2 protein chains.
Amino acid sequence: MPDTPAIHGIDDSPRGRLLSAAAHLFRDKGFDRTTVRDIAAAVGIQSGSIFHHFKSKEDILFAVMEEVIRFNTERLRQAVADADTPLEQLRNLVRAELTATVGDTREAMVVMVAEWRCLGEAKQQEALALREIYEQIWLDVLGRLHKAGAFHADPFIMRRLLTGMIGWTPNWFSTNRRLSVEDLADLIVDRVVGEA
Amino acid sequence: MPDTPAIHGIDDSPRGRLLSAAAHLFRDKGFDRTTVRDIAAAVGIQSGSIFHHFKSKEDILFAVMEEVIRFNTERLRQAVADADTPLEQLRNLVRAELTATVGDTREAMVVMVAEWRCLGEAKQQEALALREIYEQIWLDVLGRLHKAGAFHADPFIMRRLLTGMIGWTPNWFSTNRRLSVEDLADLIVDRVVGEA
DNA sequence: AGCTACCAAGCAAGCGCTTGGTTTGGCAAG
DNA sequence: CTTGCCAAACCAAGCGCTTGCTTGGTAGCT
């Protein structure tokens with residue numbers, strides 16, 4: 001009965017398995033249409049038992065978001081560190097966010113952008129703080145490229161266009177097609193710095 | 001008590017006012033978190049009276065989507081007809097979709113992409129058919145541009161990147177800022193055909 | 001003994017929707 | 001100008017069901 005494919009960056013403690021299952025369901029049906037009974041059934045326990053691990057359903061959603069953003073912030077950091085030139089840093093960032101979005105943390109990433117408003121005011125603010133750290137990594141790299149004259153548009157706006165392009169990919173990109181993540185990343189990078 | 005700002009392309013019959021109010025609430029709180037009592041209160045009637053105009057809550061959501069997609073499909077048609085060169089057609093398309101997305105049909109457009117899965121299978125298919133007509137207009141113009149050598153990437157993928165860029169704008173674009181819709185449109189067109 | 005992990009049962013609240021009856025505005029016959 | 005009528009629009013009340021969450025207790029490991 002259990003066995004939802006695990007999400008990268010989440011361990012397989014009872015709590016972790018609960019999180020992976022919840023993320024999967026939240027992505028499939030949305031937060032509101034997913035009941036605690038659904039989540040419980042997905043890991044093979046009773047609905048009431050969930051509240052031994054989380055104090056509310058909303059807490060589960062927040063935990064999913066927190067885990068995935070922490071994990072992927074670290075991934076972005078590595079992406080920047082692993083490159084020498086600003087252009088290569090950008091390419092690595094795009095690849096990293098694409099991997100997060102259509103790859104190993106796909107469900108959780110989709111949940112994060114789609115179910116944002118299901119969090120209460122307080123937790124929304126808390127998540128926003130984490131999100132800002134994440135965004136700053138992007139802005140640093142884009143700012144450096146802009147200063148170097150690699151593109152003319154405002155770096156803030158460029159980031160928003162990138163967020164849109166990458167954030168929409170789960171709605172169409174399929175891993176088992178001709179187009180690889182690397183090729184798509186190059187294609188997106190070309191939207192920023194122009195083609196060869 | 002009533003007076004939700006109307007959405008372009010929806011009349012102000014009782015039914016139309018109900019639709020505008022519903023679209024506004026759906027965007028604000030999401031479909032599931034919006035109760036029929038909320039919608040009723042927004043137009044100043046009793047919750048039960050809603051079912052004189054619509055046979056279910058889901059029907060309201062579908063009606064919102066149908067109205068907005070029909071209205072904006074016509075807008076796209078005009079945008080293409082009003083331009084002479086393929087490049088100007090593209091620019092007009094981007095402007096039109098931006099206007100729909102952050103302008104006069106903003107709430108309904110956001111609802112359409114966000115609350116898709118709240119429709120049952122049948123109505124989802126029905127909406128998809130309308131959506132395909134809409135998309136075909138884009139693909140025709142992009143296909144012509146591609147054939148003319150204005151850009152190298154696959155037109156289907158280019159459309160998806162555009163969908164992402166434009167679809168994300170409600171999350172950051174503000175009408176009362178320095179950046180106008182026209183300037184943003186030019187900026188986005190440059191992501192397709194390269195800068196001057 | 002004490003901790004983690006769980007079960008079985010169920011409560012209070014809120015939900016979409018139904019029902020039966022009442023108001024309202026327009027319009028044609030007398 | 002009145003009267004009678006009808007359909008559209010709405011009200012008041014509440015039914016049946018699902019929801020998130022609580023409670024009190026138990027099994028097993030250390």
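The chains referred to below are lettered A, B, ... by the order of the sequence lines, with proteins before strands, and numbering in each begins at 1. Please read these numbers as outputs of a predicted model, since none were measured by experiment.
Checked for salt-bridge contact, A:Glu115 and A:Lys123 miss the test: no charged N lies under 4.0 Å from a carboxylate O.
Remark: the backbone N or O of B:Ile7 is paired with a side-chain donor or acceptor of B:Ser20 at under 3.5 angstrom. Proximity of a side-chain donor or acceptor of B:Thr73 to a complementary backbone N or O of B:Tyr134 within less than 3.5 Å is not detected.
Residue pairs meeting the side chain to side chain donor-acceptor pair (under 3.5 Å) criterion with at least one member in residues 53-66 of chain B, sequence neighbours excluded: B:Glu66-B:Arg70.
Note that the CD1 atom of A:Ile45 and the CZ atom of A:Arg17 stand 9.5 Å from one another [nearest 0.5 Å].
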B:Asn92/B:Glu88 under side-chain hydrogen bond (donor to acceptor under 3.5 Å, both in side chains): CA gap, chis, key distance, verdict | CA-CA 6 Å; B:Asn92 277 2; B:Glu88 282 313 305; 5.9 Å; no
For each nucleotide in nucleotides 18-28 of chain D, reading 5' to 3', give B when a protein heavy atom comes within less than 4.0 Å of its base, S when such contact involves only the sugar-phosphate, and - otherwise.
-> -BBBB------
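Using a 4.0 Å cut-off, no side-chain N or O of B:Gln46 falls inside it from OP1 or OP2 of D:dC10. A sub-4.0 Å separation between OP1 or OP2 of D:dA9 and a side-chain N or O of B:His52 is present. A close approach under 4.0 Å does not occur between any side-chain nitrogen or oxygen of A:His53 and OP1 or OP2 of C:dT4.
Rounded to a whole Å, the CZ atom of B:Phe54 is 15 Å from the P atom of C:dG16. The CG-C1' distance, from A:Leu18 to C:dT4, rounds to 14 Å in whole Å.
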